[in-house]
Amino acid sequence: MSDEKAQRKLPTLESLVTLCKRRGFIFQSSEIYGGYAGFFDYGPLGAELKKNIKDAWWRAMVHERDEIVGIDSTIIMHPEIWRASGHVEGFNDPMVDCRESKKRYRADQLFFSPVKVDGNVIGYVSVEESGTMQAEAGEKANELKRKQAVQGTLEAIELKEYTEASPEEYALIPSPATGKPGSLTPPRQFNLMFETQVGPLADASSKSYLRPETAQGIFQNFKNVVDTGRVKIPFGIAQIGKAFRNEITPRNFIFRSREFEQMEIEYFIDPDEETWPRVYQEWIETCKQWLYSIGIPEDMVGEDVHPQEKLSHYSKGTTDLTFTFPFGTQELWGIACRGNFDLGQHQKHSGKSMEFFDEARKEKYIPHVVEPSLGVDRTLLAVLTAAYCEDEVPNDKGVPETRTVLKFHPSIAPFKAAVFPLLKNKEELVGTARELYRKLQRRWNVAWDVGGAIGRRYRRQDEIGTPFCITIDFDTIEKDQTVTIRDRDTTEQVRIHLDEVEAWLSERIYA
RNA sequence: GCGGGCGUAGUUUAAUGGUAGAACUCCAGCCUUCCAAGCUGGUCGUGGGAGUUCGAUUCUCCCCGCCCGCACCA
């Protein structure tokens, strides 16, 4: 496995961006107006690919499972939902910049204290939040006293959050990085939720938000699904939809954008302590298997288990499935055990019971939840990264030429097959090819190409990841009704009878 | 948000204070019996805005976007 990984040649991000533009997968949004950072549009092929990924997920997670149902909730929801979920608070981290060291701190993780000697303030110290920050601050205070050669008794350091500093103190508090006062900015708000207003009057009471995650649409409908969906614990609710985050720095193409699409499941389970670890592990495995099923190689997928101390207070465990992107190994799929935090919060804020009556146990409880959360755009980028391949194929003169191929799994390829008449100026070839094309089109998205030499058409299809190219030649119409089917990855051809094409494709597309 | 670099057609690139040129791609036609062949023709460009100038793609400023690093990522 590690050998395979070492040999795998990752494409550069640039080569992916260029190909996506050239072949109509992904365009920068608002390009004719100079672009708009953090927003991307999907072109004809990208839209197909994205839809195929979503369909594959929905089929595997909803249709092929008895205990998961789907919903489709609104993007704009009651603003109280975001207070209950913690996003109004948590998405509003005040940040502090150090002008000198160019470092940035979260204001609630930066602490300061005046240094007092015999009741006189001789200066300030600051430290970053840590287990040893009290001792650290004490040392810095001692040093300050020594430097200033002040005599007297150093008073106890009382650390306070930087957010509690007064405007006058901002100028006196040193940066932890430089130790010099006056280089820190006041705390500034970074609101990561997009705001909007509902109704034509823009005032405080009309303020609303574009959802920063689809999950709350699920929690918010928990009672509705329980009351109407004939579900029993354990069961899941799935949703695919757009979400919006005002990222400070959108980067890495579609990896982190401001408008993106999520595929999320909230999987509701028994709150006892035995259930969640088992379900959690099952989900990690299920998610991995699904990634493999759409053609993502096992050696490009990793696990990042969050250490206990980094978990939020309500979380019992979080594991990220990671992927080796051109810009590094990054989070793809987050699987989190969120306990009953979300439903509990909504019960508290809405005043409506979120309890579930468990027939088997004859008791009521707020279910706990395991949340596998996956980004559609990130998955698409992972698929592109894994599929991109440059190899060498001899041209008609036998000279090797570079060939760019997207080796998509047939089930998600934008076109499942392409149909060509060998020559476009022979009516019989074109007519027969057209018939086959029409027939296959009823079942799949199929490409049609008559332009230029046959080799060019093959290469074009290679670049957009069409797994099979079917060519109608003179044998088809004059001899035995056979066609050639050329394989994208090997460039090898087989001849099969015209009537067998559909079954032949079907076997390989759904394999 | 900070620092650095960059911005000429879809792509790669040339040139200039005075008509922006090419190759490949793409489109059309001819030709072509299986891997980007050939011939003919065609479309498409100086990121946007101000300023200096008789004249700016070129010089200056602002904005936008992209890339790299830092920071951020509930």
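Here is how names work: the chains are called A, B, and so on, in the same order as the sequence lines, proteins then strands, and each is numbered from 1. Hydrogens, waters and symmetry mates are skipped; everything else that's a heavy atom, side chains included, is used. The structure displayed is predicted, hence computed values, not measured ones.
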Using a heavy-atom cut-off of under 4.0 Å over every strand shown, decide if [X] touches base, sugar-phosphate, or nothing.
X: Gln493(A); value: base
X: Arg23(A); value: base
X: Asn395(A); value: sugar-phosphate
X: Arg251(A); value: base
X: Ala453(A); value: base

Pairing partner (Watson-Crick or G-U wobble, both distances under 3.5 angstrom) of [N]:
N: U46(B); result: none
N: U53(B); result: none
N: C27(B); result: G41(B)
N: G21(B); result: U13(B)
N: G1(B); result: C70(B)
N: G7(B); result: C64(B)
N: A36(B); result: none

Can you tell me, in whole Å, how much space there is between the [atom1] of [N] and that of [M]?
N: C67(B); M: U19(B); atom1: P; value: 35 Å
N: G51(B); M: U25(B); atom1: C1'; value: 39 Å
N: G17(B); M: C66(B); atom1: C1'; value: 28 Å
N: A20(B); M: G55(B); atom1: C1'; value: 16 Å
N: U46(B); M: G10(B); atom1: P; value: 9 Å

Among [options], the nucleotide that comes nearest once only the side chain of [X] is considered:
X: Arg459(A); options: C26(B), G65(B), C35(B); value: C35(B)
X: Lys424(A); options: G1(B), C34(B), U32(B); value: U32(B)
X: Leu422(A); options: U12(B), U33(B), G10(B); value: U33(B)
X: Thr249(A); options: G65(B), G1(B), A36(B); value: G1(B)

Write down the distance between [atom1] ([X]) and [atom2] ([N]), rounded to a whole number of angstrom.
X: Phe474(A); N: U33(B); atom1: CZ; atom2: C1'; result: 6 Å
X: Asn252(A); N: G69(B); atom1: CG; atom2: P; result: 9 Å
X: Ile485(A); N: C35(B); atom1: CD1; atom2: P; result: 18 Å
X: Ile454(A); N: A36(B); atom1: CD1; atom2: P; result: 11 Å
X: Ile32(A); N: G49(B); atom1: CD1; atom2: P; result: 14 Å
X: Leu423(A); N: C31(B); atom1: CG; atom2: P; result: 11 Å
X: Leu110(A); N: C72(B); atom1: CG; atom2: C1'; result: 15 Å
X: Asp449(A); N: C26(B); atom1: CG; atom2: P; result: 9 Å

Side-chain ion pair, [X] and [Y], N-O less than 4.0 Å:
X: Lys9(A); Y: Glu390(A); value: no
X: Lys51(A); Y: Glu48(A); value: no
X: Arg403(A); Y: Asp391(A); value: yes

Look at the side-chain N and O atoms of [X] and state whether any lies under 4.0 Å from the OP1 or OP2 oxygen of [N].
X: Arg486(A); N: C34(B); value: no
X: Gln28(A); N: G65(B); value: no
X: Arg456(A); N: C26(B); value: yes
X: Asn425(A); N: U32(B); value: yes

**Prompt:** Got a sec, which residues hit side-chain hydrogen bond (donor to acceptor under 3.5 Å, both in side chains) with Ser350(A), two or more places apart in sequence or on another chain?
**Reply:** none

**Item:** Set of residues satisfying side-chain hydrogen bond (donor to acceptor under 3.5 Å, both in side chains) with respect to Asp72(A), sequence neighbours excluded
**Value:** none

**Side chain Tyr33(A) and base C64(B) donor-acceptor under 3.5 Å** = no

**Request:** Determine whether any donor atom in the side chain of Glu463(A) lies under 3.5 Å from an acceptor atom in the base of A36(B), or the reverse, and answer yes or no.
**Result:** yes

**Prompt:** Can you tell me if Asn246(A) uses its side chain to pair, donor with acceptor, with the backbone of Arg258(A) under 3.5 Å?
**Reply:** no

**Prompt:** side chain to side chain contact (heavy atoms under 4.5 Å, CB included) between Val393(A) and Asp462(A): does it pass, once the steps are laid out?
**Reply:** CA-CA 12 Å; Val393(A) 166; Asp462(A) 289 341; over 6 Å; no

